[in-house]
Amino acid sequence: MIEAFGPGATEYARRLASTELEAIVADSEHLPQAYVAAVERRVSGRPFYGMILFEDSASRFTLLNARSVLNQVKGFDHRSAALDQLAQGTMKLAEGTLAALWPKFQAAATDLFGEFFTLCDAVLVRSQSEYARLTAFCARPRPAEPIVAVPVVPAVERRLPERPGVVIWAPQRPSAELTFPAFALLELHADVLCVSSDGAPSEHFATRFVTPDDPAVRAALATAGCILCPDPADPGAAIAFAQRGYGIAAPLSSGAGEFVRNVSLYDARTLDGIYTAVTIALGHPAAVRALPPAPPARPLRPALPVAADALPTVTVIIPTYNRRGDLTRALASLTAQTYPRLEIIVVNDAGEDVGDLVAGIPSARYLVMPQNGGVLKTEMMGIAAATGEYIQLLADDDVLAPDHVEALVTAMLLSGASMAHANCLIRHQQATGDGEYATVGFNARVFIDTATPTMALLATPMAGNAIMIHRRVFEAVGPYRDDCMLGDQEFQLRALQQFAFVYVDRMTTEFRARGKENFSTTADSTPELRRIYEQLHPQPGRPEVERRRRETLERIAGRPQGLFAFPPTITLAPPVA
């Protein structure tokens with residue numbers, strides 16, 4: 001199933017309708033909606049691709065604003081100079097030059113690019129050019145599959161022309177967005193026809209604009225020598241017309257050169273470049289190179305490498321205290337796991353009885369602390385009772401995606417590693433007044449990396465619920481310290497000095513942030529972190545580590561008190577009271 005967000009994405013998804021792709025496709029302006037849909041896909045555990053139809057800000061800004069520039073300037077020479085300044089970013093505004101403003105254009109969307117792709121298993125791209133643009137916004141390159149959705153274009157019987165003919169082909173764009181390429185051809189002594197979504201004429205020049213179904217399109221294509229495909233990011237039209245033997249002019253950023261031989265490429269920000277490319281393409285027909293094979297319907301994931309009866313048991317330990325609703329959801333996320341050999345241990349930290357929630361789960365056991373001891377003591381009670389070869393901790397208000405356990409066990413079996421971790425999504429929630437919580441935002445940029453042993457001496461970007469640990473690690477480095485407020489971080493520090501993590505670069509867990517109810521907000525961790533640095537694990541022989549530790553303490557101490565350390569990067573509407 002393909003979910004599409006935005007008009008461009010909807011059209012692209014229509015072209016891909018014959019495939020069985022599992023994908024979310026979005027225009028960059030509609031990325032927030034696509035982000036939320038990606039979260040829902042991750043909650044379901046279904047593998048899927050992410051695709052953003054992304055034009056670089058300079059090209060898009062030029063296409064969107066060329067008409068308004070012409071409205072303010074008179075005379076061909078003055079207009080030509082103004083459009084060049086617009087395209088090159090040298091036009092002066094009150095806020096500075098346009099080039100200085102380009103990074104802010106689409107900023108709200110591009111800030112989310114990396115987070116969106118972290119939620120996806122892999123990326124779909126229309127060209128390597130587009131992939132290069134997108135990875136500039138990601139913490140690291142994401143796995144990618146090329147896909148080219150070639151549109152259907154009119155098939156006409158062609159004949160030799162008596163006069164040069166050019167068709168500007170952009171049936172998904174309004175006429176106003178074709179002002180720049182159309183103006184570039186004003187001095188070309190040729191028949192120029194612009195095919196746009198609305199066919200709206202321009203008062204600034206006599207070039208004819210028509211819709212794709214206008215009879216003039218077929219007549220123009222019969223004698224046209226060149227098709228100008230101005231889309232700065234999609235090579236599809238260039239491929240379609242190259243298959244019919246036309247000369248093709250296309251922006252370098254479109255990626256058309258990766259698929260089309262003899263395509264005449266140009267810099268989308270130069271009027272003269274467009275003119276020159278068209279004059280070359282008029283007498284130089286193009287041809288198509290081999291297109292990339294279609295990607296698999298779903299991104300590929302490694303399979304369990306041993307038979308089901310040979311799989312190790314994984315013990316999942318849930319400490320809980322007076323949160324029946326949360327515990328119900330946490331248990332539901334475990335019964336939905338695709339991994340077949342689970343042991344579930346729920347440890348009640350001397351709170352209200354929840355044995356009835358556990359009783360219906362065959363693989364679950366219920367333990368009760370004799371008195372309230374806190375999370376770490378509760379976890380250690382569960383670890384002591386575990387019979388599984390691998391240990392997974394899960395807070396009662398967090399959840400695991402259905403593929404979490406299988407993904408981490410597979411990674412450890414294939415690699416021989418004794419520890420594995422995946423990425424974790426922060427889901428921000430707000431109380432609704434009835435004992436429940438509503439989601440008000442997300443953050444997918446904090447717990448999305450692994451750590452070296454040196455990094456662990458400072459801090460790690462790994463959430464506790466995203467980690468699975470073999471028993472031998474506890475035997476080698478000792479248990480969690482129940483006297484350490486940052487017990488999970490202190491344990492990771494010790495473990496990474498002796499064992500390697502294998503990293504599953506996929507979002508398989510959720511940490512639920514609830515403002516003042518969160519430990520990360522109510523507790524000042526600076527004194528405890530200082531104790532870890534200076535008393536528990538000093539590094540006197542590593543002055544650079546000591547320096548970075550001081551910087552870390554200063555940075556944490558400078559955070560606003562009473563606020564959650566990692567605010568949402570995408571915000572939803574607050575719940576209705």
Side-chain angles (χ1 to χ4, degrees), residues 40 43-45 311-406 408-409 424-425 427 429-439 463-469 480 482 487-488 508-519 575:
E40 296 307 312
V43 170
S44 74
L311 290 171
T313 297
V314 175
T315 299
V316 183
I317 297 162
I318 306 179
T320 188
Y321 181 74
N322 292 349
R323 291 200 283 209
R324 289 181 64 88
D326 287 330
L327 179 61
T328 299
R329 283 185 284 270
L331 289 170
S333 79
L334 295 184
T335 58
Q337 291 296 306
T338 58
Y339 190 76
R341 302 195 66 178
L342 282 184
E343 174 187 53
I344 302 169
I345 299 179
V346 175
V347 187
N348 188 339
D349 193 13
E352 64 175 302
D353 182 46
V354 290
D356 58 310
L357 301 181
V358 184
I361 303 174
S363 61
R365 286 191 284 153
Y366 181 53
L367 305 178
V368 180
M369 291 277 286
Q371 61 185 26
N372 185 268
V375 173
L376 290 169
K377 283 185 169 65
T378 308
E379 289 175 341
M380 292 313 301
M381 182 180 187
I383 292 173
T387 63
E389 188 174 343
Y390 295 99
I391 304 296
Q392 165 77 54
L393 300 178
L394 179 64
D396 60 1
D397 59 341
D398 296 341
V399 296
L400 304 179
D403 57 329
H404 172 79
V405 175
E406 179 177 340
L408 269 61
V409 172
C424 178
L425 173 71
R427 180 187 288 264
Q429 294 190 315
Q430 181 177 315
T432 58
D434 56 359
E436 292 297 323
Y437 294 85
T439 297
N465 67 358
I467 296 173
M468 189 178 292
I469 303 167
Y480 287 85
D482 59 13
D488 56 347
T508 64
T509 67
E510 278 192 12
F511 168 77
R512 306 208 164 185
R514 293 172 174 172
K516 293 183 178 180
E517 297 183 32
N518 269 97
F519 172 83

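Residues: numbered from 1 along the sequence shown.
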Closest non-hydrogen atom pair, Asp403 against Thr338: CA-OG1, 4.0 Å
Enter the distance from Leu311:CG to Glu389:CD here, rounded to the nearest 0.5 Å. 10.5 Å
Is the backbone of His404 close enough, under 3.5 Å, to the side chain of Thr508 for a donor and an acceptor to pair up by distance? no
Short question: side chain of Gln392, backbone of Thr315 - any donor-acceptor pair under 3.5 Å? no
Distance (rounded to the nearest 0.5 Å) between Thr378 OG1 and Ile318 CD1: 12.5 Å
Tyr321 and Asp396: side chain donor to acceptor below 3.5 Å: no
Taken to the nearest 0.5 Å, the spacing of Tyr366 OH from Ile345 CD1 works out to 13.5 Å
CD1/Ile391 to OH/Tyr480 distance, rounded to the nearest 0.5 angstrom? 9.5 Å
Does anything in residues 325-344 form a salt bridge (Lys or Arg N to Asp or Glu O under 4.0 Å)? List the pairs, not counting sequence neighbours. Arg323-Asp326, Asp326-Arg329, Asp326-Arg514, Arg329-Glu436, Glu343-Arg365
Smallest heavy-atom separation, Met381 atom then Val347 atom, equals SD-CG1, 3.8 Å
Value rounded to 0.5 Å, distance of OH in Tyr437 from CD in Gln430: 11.0 Å
Which pairs would a plain distance check flag for residues 354-362, meaning a side-chain donor or acceptor within less than 3.5 Å of a matching protein atom at least two apart in sequence or in another chain?
| residue | atom | partner | partner atom | Å |
| --- | --- | --- | --- | --- |
| Asp356 | OD1 | Arg324 | NH1 | 3.2 |
| Asp356 | OD2 | Arg324 | NH2 | 2.8 |

At what distance, to the nearest 0.5 angstrom, does OH of Tyr339 lie from CG of Leu334? 14.0 Å
Is there a donor-acceptor pair under 3.5 Å between the side chain of Gln337 and the backbone N or O of Val405? yes
Closest approach of Ala330 to Asp398 (non-hydrogen atoms, all atoms of both residues): CB-O, 3.5 Å
Non-hydrogen atoms of Asn322 and Glu352 that approach each other most closely: OD1-N, 2.6 Å
Has Asn372 got a side-chain atom pairing as donor or acceptor with Gly351's backbone, closer than 3.5 angstrom? no
Testing the basics here: between Leu367 and Ala385, what is the closest heavy-atom pair and its distance to 0.1 Å? CD1-CB, 3.7 Å
Looking only at heavy atoms, what is the nearest atom pair of Ile317 and Pro319, with distance? O-CD, 3.6 Å
